[in-house]
Amino acid sequence: MNIILIGPPGSGKGTQAKKILADFSLNYFSAGDILRGLAKEDSPLGREVAQIMAQGKLVSDSLMAQIIEDFLTRNEGDVVFDGYPRGLDQAVFLEKSLKNRGGISLVINLQVPEEVLINRLSSRVICRNCDAVYNLITNPPKKKEICDTCGGELYQRDDETPEAVKKRLAVFDRQTKPVIEFFDRKGGIFNVDGNQSIEAIYLIIRKKLVNIGLGLISA
Ligand code: AMP
């Protein structure tokens, strides 16, 4: 069963995806993680991607299509998608790509008010080494600027400056909201209040995944 996690930047898609992966046997597609990896490369494409991301804009649908195809070729089995699709063309492309792989079973829509998102994003820091995510207000590391898990350096993402955050939220409103409506019309949206504790949100998601028949790893 393929699952999509959708929601604005800062809604907790990555955090919930990691919890889902601990309980269910799924591959993880994180568009942002893959693009951040590409952006680190010292190549024309790497530099282009880094520039687009730092501005809070979306990279091209054709690049994303190549990335999706490559991922699906390399990973057999069901997938939880985080950060893809972010526009209507991407949604249609993903539906087509998953046609012979069971289709899309569930779209989880994390709903969070904009002022909460801005607060979350401006206080978010990430480990350069293991990608662990902290929030300086609600989930601070024990030592400032150092990852609790691996001792790596913590940094603020280039696209989490106030200007880039504003742009990313506007892009979400304009390009990703229509994707939610698209799946909603098909009857496949599961709305979750994302303005609760990480655990409370996950309990709701976990119950839903079990209800639709996804098997727990430990069961
Ligand atoms: P995220 O970590 O999911 O918030 O993504 C970070 C950034 O990566 C976004 O602001 C975009 O610049 C880029 N990005 C992520 N997913 C996509 C996508 N599906 N299509 C185009 N660009 C994307």
Side-chain angles (χ1 to χ4, degrees), residues 2-21 27-41 45-72 79-98 104 107-112 114 116-128 130-135 154-180 182-183 194:
N2 296 299
I3 313 293
I4 294 174
L5 275 166
I6 205 163
S11 57
K13 300 184 295 292
T15 302
Q16 294 300 323
K18 283 178 193 127
K19 296 190 82 64
I20 291 172
L21 294 172
N27 295 297
Y28 180 39
F29 180 88
S30 163
D33 287 353
I34 292 172
L35 290 171
R36 273 184 288 280
L38 252 181
K40 280 187 199 155
E41 285 178 11
L45 179 63
R47 282 187 286 276
E48 189 189 331
V49 168
Q51 198 186 13
I52 294 171
M53 289 178 80
Q55 292 171 346
K57 296 181 184 163
L58 296 185
V59 306
S60 72
D61 286 346
S62 60
L63 174 62
M64 288 312 301
Q66 277 176 39
I67 291 174
I68 284 282
E69 272 175 351
D70 179 60
F71 182 89
L72 292 176
V79 184
V80 55
F81 292 90
D82 159 6
Y84 191 92
R86 262 178 152 99
L88 275 179
D89 289 348
Q90 293 186 1
V92 171
F93 181 81
L94 187 62
E95 274 201 321
K96 219 166 58 195
S97 305
L98 294 177
I104 298 162
V107 181
I108 300 168
N109 177 29
L110 291 171
Q111 299 176 305
V112 179
E114 186 162 314
V116 176
L117 296 171
I118 293 170
N119 269 333
R120 280 187 189 175
L121 292 170
S122 56
S123 51
R124 176 155 85 171
V125 288
I126 299 172
C127 175
R128 223 177 261 294
C130 74
D131 294 328
V133 179
Y134 299 87
N135 182 295
L154 301 179
Y155 74 105
Q156 185 174 38
R157 278 168 45 171
D158 289 346
D159 61 356
E160 295 192 340
T161 59
E163 306 79 64
V165 164
K166 238 201 227 149
K167 175 78 189 170
R168 286 165 67 202
L169 291 172
V171 166
F172 173 80
D173 272 347
R174 201 177 55 244
Q175 286 175 258
T176 312
K177 272 194 181 157
V179 175
I180 297 172
F182 171 82
F183 287 122

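The first residue of the sequence shown is numbered 1, and numbering continues consecutively from there. For ligands, and for the atoms within them, numbers begin at 1 and follow the listed sequence.
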For Asp70, salt bridge (charged side-chain N to carboxylate O under 4.0 Å, His left out) partners two or more places apart: Arg74
Considering residues at least two apart in sequence or located in another chain, which fulfil the salt bridge (charged side-chain N to carboxylate O under 4.0 Å, His left out) criterion with Lys177? Asp173
First-shell residues of ligand 1 [heavy atom, distance under 4.0 Å]: Ala31, Gly32, Leu35, Arg36, Met53, Lys57, Leu58, Val59, Met64, Gly83, Tyr84, Arg86, Gln90, Arg157, Asp159, Arg168
Considering residues, nucleotides and ligands other than Glu114, do more than 12 of their heavy atoms fall under 6.0 Å from its CD? no
Tell me, which pairs form a ring-ring contact (aromatic ring centres under 6.0 Å, His included) where one or both residues lie in residues 51-71, sequence neighbours left out? Phe29-Phe71
Out of curiosity, Asp159 CG to Lys167 NZ, how far, rounded to the nearest 0.5 Å? 13.0 Å
Out of curiosity, Ile6 CD1 to Phe81 CZ, how far, rounded to the nearest 0.5 Å? 12.5 Å
